[in-house]
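All residue numbers in this chain count up from 1 along the given sequence.
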Amino acid sequence: MKPIAEIAESLGLDPAALIPQGHYKAKIPLDAIREDGKRGKMVVVTGITPTPAGEGKTTTTVGLTQALGRLGKNVVATLREPSLGPIFGIKGGGTGGGLSLVEPQDEVNIHFTGDAHAVGSAHNLLAALTDNAAQRAQVPGFRPERISWRRVTDVEDRALRSIVTGLGGSANAPLRESGFDIVTASEIMAVLALSRDLDNLRERLSRIVVGYTEENAPVTASDVNAVGSLMSLLRHAILPNLVQTTEGQPVIVHAGPFGNIAHGCSSVVGDRLALGYADYVLSEAGFGADLGFEKFMHIKARFNGLEPSAAVLVATVRAVKYHGGVAVRDLETPDEDAVRRGMENLTHLIGVVRATGLPVVVAVNYFPTDTQAEMDIVKRGCEDAGAFAAVESRVFGEGGAGGIELAEALIQATEGPQPEISYFYPEDASIQDKVLALAKTVYNAENVSWSAAAQRTLRGFEANGWGALPVCMAKTNASISHQASLRGRPSGYTFEINDVRASVGAGFIYPIAGSIVTMPGLPGSPRALDVDAKGNILDL
């Protein structure tokens, strides 16, 4: 690795302005953001609907960054911070793989610069202040049973999903039912990712709803006088983090909101900063294009001047076969018919991206078990579906050298004027109309049904003046539908909304389709067991 000052200097940042966090990572002050002058081209990296086999979206993002660097481009990757829970659970690390890594990968994956700890501390401080205010009747009509704000931890722990707090008598009050979510599901994490500056951070924090009075009026973080203390915990966490790729290109890793509850994208300040210095900014969006890409466009880009010039959609032959009905254990067996069947998912998502007006470059991440015939079916299918190009990527095994053709295709796709962006719904459309537009365009549903409880809740949100907020759909990442078992391109079905919640501080309404878990549980053989005698995690 190069000293972090060299990485900053290669980008055009003043090394003296950095706030070093050791030799190889640093925080960047917000006053380094350039509001005027140079603006690079934003590229959003998304993917096929995820499969248990893994597609390598982060690996591709990092490898493509390295390839663009080899072609003489000044390029920055902007990524979410990995979540500690999945690192010790089933997923493992979130810093790429092979010869396309974010370094120092062990530090980025564990603790990093403390941002997740700051978010968790702020979230739980707000919970304590809210409990105290309700117990002491400091907000008229606000009782403990009307609190909606839960606590968080960054460990996967199913035993904390539903709990009772305040046991042991009045000295430990208030007694109430509650639960824990994982830190990445915290609204404060989404707020951190979407805030443009410190003033905007304060404004968003003040709007967070922690409960309701007996008259159903919202009680906010401002009402319980928590905003100042939250700011004290988050004023350094909002500063973007600078690290590097395996080949020495700059990477900004900052914020880590959930992709199937929140918007699943790295920070606004990180992207804004990178665009002022780089020719290209590759910003990864979580999960498939039906989640991360759609939310990037309607929640992050639309309101922050971050409209992309193109999209890279990551796929694999194995993922296509999975959506064609092949079991995970059989993905290494050649099956051209399954590839043809599974292409429905990939071509649908190409169409979703193209519907926004963006050119799509498909990166087909190579695996050694792929046959040339299978690869050809995927590439031809993508081009027939309107992709600008479909290119085989070998960045895992070859680093930047394995992504040169992909980088050249991306450069060609972004030549010329900025595309005119089309959004799937007007900003002032009702929540129900926004959901219907997404259901038909993105999830390929025939119609939408709302449970009676969700309709009642939505009417309350509209009465509170939240009806014009964008929609951030909470649904499974394993299907374009709300049912994880439906692979490929399900059609002719009803998209079912069973609940709806508001993240007013983050600035979106999130309807819940299907069953969503905000606190994962550990698998039978968690990654936390894969540690050597010196405490190094193996196979990140």
Taking atom types as modelled, is there a side-chain donor on Asn241 or Thr113 under 3.5 Å from an acceptor on the other? yes

Under 3.5 Å, is there a donor-acceptor pair between the Ser491 and Asn444 side chains? no

Ionic contact status for Asp330 with Lys321, cut-off 4.0 Å: no

Counting only N and O atoms by type, is there a donor-acceptor contact under 3.5 Å from the side chain of Glu55 to the main-chain atoms of Thr51? yes

Decide whether Ser481 and Ser479 meet the rule of one side-chain donor and one side-chain acceptor closer than 3.5 Å. yes

Is a salt bridge present between Asp131 and Arg151, judged by a nitrogen-to-oxygen distance below 4.0 Å? yes

Atom of Thr165, atom of Ser178 and distance for their closest heavy-atom approach: CG2-CB, 4.3 Å

Would you say the side-chain atoms of Asn216 and Arg146 include a donor-acceptor pair closer than 3.5 Å? yes

Is there a donor-acceptor pair closer than 3.5 Å between any side-chain N or O of Arg489 and the backbone N or O of Asn345? no

CA sep, side-chain torsions, deciding dist, call: Thr95, Asn109, side chain to side chain donor-acceptor pair (under 3.5 Å): CA-CA 7 Å; Thr95 49; Asn109 279 294; 3.1 Å; yes

Does Glu203 have any salt bridge (Lys or Arg N to Asp or Glu O under 4.0 Å) partners at least two apart in sequence or in another chain, and if so, which? Arg207

Donor-acceptor check, side chain of Asp433 to backbone of Ala429, threshold 3.5 angstrom: yes or no? no

Parallel, tilted or perpendicular, judged at 30° and 60°: which one describes the rings of Tyr443 and Phe495? parallel

Using atom types as modelled and distance alone, determine if a side-chain donor or acceptor of Glu294 lies under 3.5 Å from a backbone N or O of Met473. no

Heavy-atom distance under 4.5 Å between the side chains of Thr356 and Ser422, does that happen here? no

Taking the side chain from Lys57 and the backbone from Thr46, do they hold a donor-acceptor pair closer than 3.5 Å? no

Looking just at side-chain N and O atoms, do Gln138 and Asp223 make a donor-acceptor pair shorter than 3.5 Å? no

So, Arg318 side chain and Leu331 main chain: donor-acceptor pair closer than 3.5 Å or not? no

Between atom OG of Ser283 and atom CZ of Arg80, what is the distance when rounded to the nearest 0.5 Å? 10.0 Å

Is a side-chain N or O of Asn304 found less than 3.5 angstrom from the main chain of Lys300, in a donor-acceptor match? yes

For the residue pair Glu284 and Thr58, confirm or rule out a side-chain donor-acceptor distance under 3.5 Å. yes

His254/Ser266 under side chain to side chain donor-acceptor pair (under 3.5 Å): CA gap, chis, key distance, verdict: CA-CA 6 Å; His254 192 216; Ser266 61; over 6 Å; no

What distance separates Leu469 CG from Ile509 CD1, expressed to the nearest 0.5 Å? 5.0 Å

Would Arg161 and Asp181 pass as an ion pair if we require N to O under 4.0 Å? no

Are any of the side-chain heavy atoms of Phe461 and Ile431 separated by less than 4.5 Å? no

Spacing of His298 atom NE2 and Ile421 atom CD1 [to the nearest 0.5 Å]: 10.0 Å

